[in-house]
Amino acid sequence: NVSGRSWKVRPQKRATFLSKAKHNNLSIDSWEVRQQRKLDKVEATKLQAELREERRQEKVLKRERRAENEKRRAENEFKQASAAAQNLNSKKIGSTLKAMSKKQLRQIKKSRMNTKTGVVEYVSAYSK
């Protein structure tokens, strides 16, 4: 080693001079083997597509269920708020509001028309 580098002992060759094995004709498979590989590949892609479709269906069902629950929750809130509004006597509303606790005041809702759906919904009295 002329440079004094003892760790670099193997002779370095250019990449162009390294011998390359030709793999084209080394392992020629039979026709049956190639056809079997092809069938396996097709089967695998079908299975993948099936699993993907199954996941997509699950997502759709979940989304529908979530929308249904949201609608039911809104309806229940509407019923509860309208029942609470009937309990407030309009003649004694001032004294009723003064007697309410903070938690009860937070429960008071006001009605608002949803511009997207055209449905009357109850929202917090202090929301904008």
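Only a predicted model underlies this, so the values are computations on that prediction, with no experimental measurement involved. Numbering of residues begins at 1 and proceeds along the displayed sequence.
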Student check: side-chain heavy atoms of R37 and V33 closer than 4.5 Å | yes
Can you run down the salt bridge (charged side-chain N to carboxylate O under 4.0 Å, His left out) pairs that involve residues 50-59, sequence neighbours left out, and say none if there aren't any?
-> E53-R56
K41 side, atom NZ; L39 side, atom CG - distance, nearest 0.5 Å | 12.0 Å
What is the distance from atom CG of D40 to atom CG of L47, rounded to the nearest 0.5 Å?
->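 Here the interatomic distance stands at 12.0 Å.
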Can Q80 and N76 be counted as having a side-chain donor-acceptor contact under 3.5 angstrom?
->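 No - no donor-acceptor pair under 3.5 Å links their side chains.
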Which residues satisfy the side chain to side chain contact (heavy atoms under 4.5 Å, CB included) test with Q35, sequence neighbours excluded?
-> W31, K38
Under the salt bridge (charged side-chain N to carboxylate O under 4.0 Å, His left out) test, which residues partner R34, sequence neighbours left out?
->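 Once residues adjacent in sequence are excluded, R34 has no partner under the salt bridge (charged side-chain N to carboxylate O under 4.0 Å, His left out) criterion.
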Of all residues at least two apart in sequence or in a different chain, which pass the side-chain hydrogen bond (donor to acceptor under 3.5 Å, both in side chains) check with T117?
-> N114
Return each pair, listed once, that meets side chain to side chain donor-acceptor pair (under 3.5 Å) where at least one residue sits in residues 66-75; pairs must be two or more places apart or across chains.
->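 Sorted result for residues 66-75: N69-R72, E70-R73.
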